S.K.: 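Please read through the structure below; I'll follow up with questions.
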Amino acid sequence: MTSERAEWGRHQVDSEMYEDGNALAGPLGEIFTMDVTVAVSRCAGCGLAGPVARLHVYRHAPGWVARCPACEGVVLRLVRGPDSAWLDLTGAVSLRLPMPTL
Amino acid sequence: MARLAGYRDETPTVRTLVLDVEGWPGHLPGQHVDVRLTAEDGYRAQRSYSLAGPDSGERIELTVERLPDGEVSPYLTEVFSVGDPVEVRGPVGGWFVWRPAATEPVLLVAGGVGLVPLMAMLRARRQAGSRVPFRLVYSVRSPAEVLYTGELRQPQPGVDISYVYTREAPEGFPRPPGRISVADVNSGGWPPEFEPTCFVCGPTGFVEAVADMLVALGHDPSRVKTERFGPTGG
């Protein structure tokens, strides 16, 4: 019973504690001139490619942590300090950004 | 910087704020803003709120639910008065948006105050004179918690609305109260062959469940767009 409760509790945490990558539009908009949430990122863990807007964003950390919706690997981390921003893209193989036609 | 021009109480716990924002660049329905409050001691709290209305010059509307333990929403819905300034950044988010030039049918699935960005889409459709067929499946705890009641009651050609009451239904309502099911999404939505764009907005668990149902019904995952509320909504 106890372990079941713990399991259920953990499941609740996993499924209730995140938002969509859409939520990164504001914080990333402070750094980039274009909307990065419409870019396609490729996960370094499992290779899944999809819009940044679809990543699972956790913010109960000192910043934003965006995880792959398939493997839950960390794709992007962003911390906004008082006079600088840290952007960690170790978990993203690439970002494909929509651009105007040349 | 934005200034409160007026407000409307939608329910006892939900208020629509009408704000004037100088230099507002315009927006698309589905986009949101980040609202930042700074306390006298310098402590800052920031929350994202969906824009509730279509683009209309330098005036925007946000619909805010008051969460009892929230840091920001009690201020915005109880203390924030006409003429008061607030820091608003946006519009942001280019993915969960409906473009009035789009021609494919649209399915909106709302859970509670998740209706807000979807309402912006319905209002933008009307504003643009679009004839794109829309369906809305609106899941809400009880009739008393329905937002924009009067406006939703007015029939609009090409817009079908079905309600799912989860705790308490109006008298004589055929469907017993209960969580949204595949049958609700199936009968209130479009067949996948119509290739509709589906927008789902609500609490994380709700969005997760509905997005899974849509994919199980045969909708292409790339046409199912979601926006979840996080745990720090307050």
Side-chain angles (χ1 to χ4, degrees), chain A residues 8-41 48-67 69-70 72 78-83 85 95-100, chain B residues 25 27-36 38 42-51 71 87-97 99 111 114 116-117 198-212 215 220-234:
Chain A
W8 185 82
R10 189 152 57 236
H11 179 74
Q12 282 296 101
V13 166
D14 286 345
S15 66
E16 293 294 333
M17 297 297 276
Y18 67 87
E19 294 164 75
D20 287 283
N22 302 345
L24 291 171
L28 285 173
E30 217 187 349
I31 303 173
F32 298 102
T33 53
M34 65 170 299
D35 178 18
V36 179
T37 63
V38 299
V40 171
S41 62
L48 180 86
V52 170
R54 275 191 200 274
L55 296 175
H56 292 176
V57 172
Y58 295 78
R59 27 172 142 183
H60 48 284
W64 291 267
V65 176
R67 292 177 176 272
E72 287 291 319
L78 172 62
V79 176
R80 174 66 158 92
D83 56 8
L95 275 181
R96 181 161 58 85
L97 306 152
M99 298 295 276
Chain B
H27 64 270
L28 288 166
Q31 287 194 293
H32 64 269
V33 296
D34 289 338
V35 173
R36 184 184 276 179
T38 308
Y43 175 75
R44 279 177 169 180
Q46 184 176 310
R47 296 292 181 273
S48 299
Y49 294 105
S50 289
L51 290 149
E71 283 182 334
E87 194 179 341
V88 167
R89 289 193 309 167
V92 290
W95 191 73
F96 191 83
V97 296
R99 289 182 165 78
V116 177
C198 307
F199 294 94
V200 186
C201 185
T204 300
F206 173 88
V207 169
E208 197 92 323
V210 172
D212 285 351
V215 173
D220 185 332
S222 70
R223 275 195 294 271
V224 178
K225 299 195 168 187
T226 58
E227 179 147 280
R228 297 164 167 89
F229 301 152
T232 51

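Values in this document were obtained by computation on a predicted structure and should not be read as measured data. Order of the sequence lines sets the chain letters (A, B, ...), proteins ahead of strands, with each chain counted from 1.
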S.K.: Looking at A/Val36, A/Asn22, A/Val52, A/Val57, which makes the most heavy-atom pairs under 4.5 Å with chain B?
M.R.: A/Asn22

S.K.: Atom OG1 of B/Thr226 and atom CD of A/Glu19: how far apart are they, to the nearest 0.5 Å?
M.R.: 11.5 Å

S.K.: If I measure from the heavy atoms of chain A, does B/Val224 come under 4.5 Å with its side chain, its backbone, both, or neither?
M.R.: backbone

S.K.: Considering non-hydrogen atoms only, spot the tightest contact between A/Ala25 and B/Gly93 and give its length.
M.R.: CB-N, 3.2 Å

S.K.: So how far is it from B/Glu227 CD to A/Asp20 CG, rounded to the nearest 0.5 Å?
M.R.: 6.5 Å

S.K.: Roughly how far, to the nearest 0.5 Å, is the CD atom of B/Gln46 from the CZ atom of A/Arg80?
M.R.: 9.5 Å

S.K.: Distance check, rounded to the nearest 0.5 Å: A/Arg54 atom CZ versus B/Ser222 atom OG?
M.R.: 7.0 Å

S.K.: What part of A/Asp35 gets closer than 4.5 Å to chain B, counting heavy atoms only: side chain, backbone, both or neither?
M.R.: side chain

S.K.: Return the minimal non-hydrogen interatomic distance between B/Asp34 and A/Pro27, and the atom names on each side.
M.R.: OD2-CD, 3.9 Å

